[in-house]
Amino acid sequence: MSAKPRIRLPGSVTIGDVIEIKTLIAHPMESGVRRNTDGTLVSRLLLHTFEAKFEGREVFRAALHTGTAANPFISFCMKVPGPGEFEFTWVEDGGARTIERVALKVS
Amino acid sequence: MTDRRTLIMGLSAMAAWTGCAGPATAQRGPRDIQAVVRTLVGDATPVAGGISLDLPEIAENGNTIPYTVRVESPMSDADYVKAVHLLAPANPHPQIVSFFFTPQSGKASVSSRMRLAQSQEVVAFAEMSNGAVYTAKQSVKVTVGGCGG
Amino acid sequence: MSKKRRMRFVLLTYSAFAGASYAQQMEATDEGRIETAMHAAFPEARPDWLSRLKGDQTMRACSKYRDAPPAEVARTIAARESATIQYPPDGRLIGDWKKGEQLAQSGYGLRFTDYPPTRENGGNCYACHQLTKEEVSHGTVGPSLVQYGKIRRFSEAEAKVAYDKTYNSHATSPCSLMPRFGTNGVLTIEQIRDIVGLLMSPESPVNRP
Amino acid sequence: MKNVRQKACAAAFVFASAFGGTGQAQQGGGDPIERELDTYRSMMKSDPWSNPGMLDVDRGEALWKTPAGPSNVSLDQCDLGLGPGKVDGAFATLPRYFVDADRVMDVEARILWCMEKLQGFDRVKLLTRPHPSAGMPVKVLGAIATYVAYRSNGRSFSATFSHPKEREALALGETLFFRRTGPMDFACSTCHADSGKRIRLQPLPFFSKPDEARKNLGEWPAYRVSTAHVMTMQHRIYDCFWQMRLPEVELGSDVSIALISYLVKQAEGGQINIPGMKR
């Protein structure tokens, strides 16, 4: 059983606010240059892309490289256009996708 | 405190000498990095400034180094930050991350965690919607730690 | 107050906070009971590692007195440990400081992940000591050794003191916290000589102005 | 130490120099290296939400609640000392003596016991490579322990050590703490019997001093940056023995439980705040 990504949105939000969205996902972010204790090279396995869409529109995207730490934490901002649904996608080398959808309530 | 930074930079140079700065991570020359930079931001001449790169000057471990990068901008449809690229020239692969913003981002501000193989100067580039490119750098000393080694 | 005395004072002071010694209240902590527990706790121990679960006579005394042995015990330890020190056949005590520096940086060796060995054992001196001003990542469990040789005017007698201390620190400081690098076979005579070189060579980074 | 740490999306915008450094005057005295390390450590801890150990708290919760093993049952009948399935506050009362097992157990030994007795897992398999290698996540047992410990956050270490076997564990733990063995002549006390010392740049807690013991124990299990996973207390002790050049200590052995008992006793009254964040 692997850990589910964590998403944090602020509690109370009004239209026009610039809010902080925090995301955290379990992933080794293997750089392809690390060696095991027995000396063998661990092959590269990265989450290479993180994308945040709101109501189907891209708000923010990140291209992650080997210089990004394991278990990536990414916190970014969005100006709230109204209530709606976030879709967060992480794409791993080889194409596997992790998708999380979260509703944003607006008062 | 002016000599503090000098001290730290001197120590960065020393890390290579002690041979404990991490396995076979040869220092990349500026030319290598310029090729990478060109693929990211094209031929624009980067101007120093405009970017706030909040990074500790010494890291207890290179595997996870917290940072916040921010670029000043109204983030309107006419004037916004398109992208921010972070580079670690002395890492085995120099790219750390690229962030792509939209006017909907509201603020071009991101917090995350980087990985540095050894002490070095981290470089940031910001691409603006009007074609301007800004740059900033910050040196980070990565220390040897723990009982092992 | 000497370091040892201060340590004893600290222990006494804090034992007041922590309540009376639990071990003293119990009979369950005799050596036989401990060895049984240790053997059960390390079921994967190879036969030639079983001796690692049990201290020798000196370590048993140091454990008993929590590294602050009474004078008589200390004298016995010093005499016993002094007798174990072996010197290079050619009598040269100052080796290559560059190799010494590498040994001081390396903590490799004798851990269960270090078999079969892929490189020589290290001394891991920086884990506990400051040696050069350049290496900021140094411990403070032991005293700073910056300018060690220079302060001692690079004298031959002091090179022997440094050699003895590295080979077996208990010869001069009974129940010292420092490993008995030579006596316990962690480092070779050659390696200890290189560490003495690091401490005592005028051109070593330890002694640079 | 830099103290510009605004909220990422707040309206206030502090503009730094072109070269990133805020160039502020240093506060107070002390070693500049230590001060900058404090900046690093405080940045790491400033947003507890960013601690990847929280992912294993979530994972541990799911593992606790999901049927597993040959018996295909969840751990909701596992008694951590406060009654079957009672997780809140249980970690704060451990280690303790359990009648059913007739021995003193810490949180990991108890979860191991439940996984064996309730879920039907093979104990030998659970004890084979029980700790993660660098870069790999904490194993199932450790994730569950992290979840259980998390559910005592805000409470204080309050194990009573009143049962004779609990007192025996304490006595053994104390003796072992000062017992020097192995080719390096190390005891726990070699590194942990004085204040203000460090190995390389890492501060060493002095466990005889209650405030240091409390602060330290309250942070385990902790996410370790150097290995990118959560490390539990049993794993911490396993790693100390590795460094002491001893063989591999068995998870949940009387020796490791005795040492944990001794440490928890030293930390009595200290607040639990896990997962910690360590180098």
Side-chain angles (χ1 to χ4, degrees), chain C residues 7 10-11 13-15 17-19 21-29 33-34 37-38 40-46 49-55 58-60 62-64 66-67 107 109-114 126-128 136-141 170 175 177-181 184-186, chain D residues 31-33 127 161 164 167-187 189-191 193-204 206-211 213 241-250 253-258 261-262 265-266 268:
Chain C
M7 174 74 94
V10 165
L11 284 172
T13 311
Y14 289 111
S15 65
F17 280 99
S21 163
Y22 319 117
Q24 280 163 17
Q25 301 166 4
M26 304 295 300
E27 291 175 9
T29 50
R33 163 86 169 78
I34 291 163
M38 288 294 279
F42 296 90
E44 302 294 313
R46 293 170 5 188
W49 276 51
L50 290 177
S51 61
R52 295 193 184 195
L53 302 180
K54 169 178 171 172
T58 294
M59 283 309 116
R60 281 205 298 277
C62 292
S63 303
K64 182 178 173 188
R66 296 194 179 175
D67 299 327
L110 303 174
R111 301 165 300 197
F112 55 73
T113 49
D114 295 335
Y126 281 105
C128 294
V136 294
S137 186
H138 64 81
T140 58
V141 174
H170 298 254
C175 297
L177 299 179
M178 190 166 145
R180 293 171 288 177
F181 288 106
N184 287 1
V186 178
Chain D
D31 177 20
I33 304 291
L127 290 177
F161 300 104
R167 288 206 298 276
E168 198 180 319
L170 214 48
L172 178 62
E174 184 185 29
T175 306
L176 290 169
F177 189 84
F178 293 94
R179 186 172 187 267
R180 299 178 68 170
T181 61
M184 302 295 263
D185 297 330
F186 287 153
S189 61
T190 308
C191 291
D194 201 357
S195 274
K197 302 290 185 191
R198 56 181 216 218
I199 287 280
R200 289 280 190 171
L201 290 171
Q202 281 66 53
L204 297 161
F206 175 32
F207 289 112
S208 299
K209 202 174 171 184
D211 58 345
F241 279 129
W242 169 79
Q243 192 60 48
M244 290 162 74
R245 274 73 179 174
L246 295 194
E248 293 185 68
V249 71
E250 187 172 272
S253 67
D254 285 349
V255 162
S256 52
I257 290 172
S261 296
Y262 175 67
K265 178 66 182 171
Q266 302 312 106
E268 190 171 23

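Numbers restart at 1 for each chain; the letters A, B, ... are given by sequence-line order, proteins then strands.
When each of C:Lys64, C:Lys54, C:Arg180, C:His138 is scored by its heavy-atom pairs under 4.5 Å with chain D, the top score falls to C:His138. Contacts with chain C were tallied for D:Asp185, D:Leu127, D:Leu204, D:Asp254; D:Asp185 has the most, counting heavy-atom pairs under 4.5 Å. Highest contact tally toward chain C, considering only D:Gln202, D:Met184, D:Met244, D:Glu268, is held by D:Met184 [criterion: heavy-atom pairs under 4.5 Å].
In this structure, the separation between CG on D:Leu246 and CH2 on C:Trp49 is 8.0 Å, given to the nearest 0.5 Å. In this structure, SG on D:Cys191 lies 8.5 Å from CG on C:Leu177, to the nearest 0.5 angstrom. With rounding to the nearest 0.5 angstrom, the CE atom of C:Met38 is 5.5 Å from the CZ atom of D:Phe241. D:Phe177 CZ to C:Arg66 CZ: the interatomic distance, rounded to the nearest 0.5 Å, is 9.0 Å. The CD atom of C:Glu44 lies 8.0 Å from the CD atom of D:Glu250; values are rounded to the nearest 0.5 Å.
Here the shortest heavy-atom pairing between D:Leu201 and C:Val136 reads CD2-O, 3.4 Å. Counting all heavy atoms, side chain and backbone alike, D:Gly196 lies closest to C:Thr140 at O-OG1, 3.8 Å. Shortest non-hydrogen contact noted between D:Val255 and C:Ala37 is CG2-O, 3.5 Å. In plain terms, the two heavy atoms of C:Met178 and D:Arg180 that are nearest each other are O-NH2, 4.3 Å. Here the shortest heavy-atom pairing between D:Ser189 and C:Asp67 reads OG-OD2, 4.3 Å.
For C:Asp114 and D:Arg245, the salt-bridge test fails: no basic side-chain N is under 4.0 Å from an acidic carboxylate O.
Heavy atoms closer than 4.5 Å to chain C are found in the side chain of D:Tyr262, but not in its backbone. Contacts between C:Thr113 and chain D at a heavy-atom distance below 4.5 Å involve backbone atoms as well as side-chain atoms. Only the side chain of D:Leu176 comes within contact range of chain C, with heavy atoms under 4.5 Å apart.
Take D:Thr181 and apply the side-chain hydrogen bond (donor to acceptor under 3.5 Å, both in side chains) test, not counting sequence neighbours, and it matches no residue. Residues satisfying the side-chain hydrogen bond (donor to acceptor under 3.5 Å, both in side chains) test with D:Asp211, not counting sequence neighbours, are none.
Judged by distance alone, the side chain of C:Ser137 and the main-chain N or O of D:Arg200 form no donor-acceptor pair under 3.5 Å.
Side-chain contact between C:Arg46 and D:Pro247 is absent, with no heavy-atom pair separated by less than 4.5 Å.
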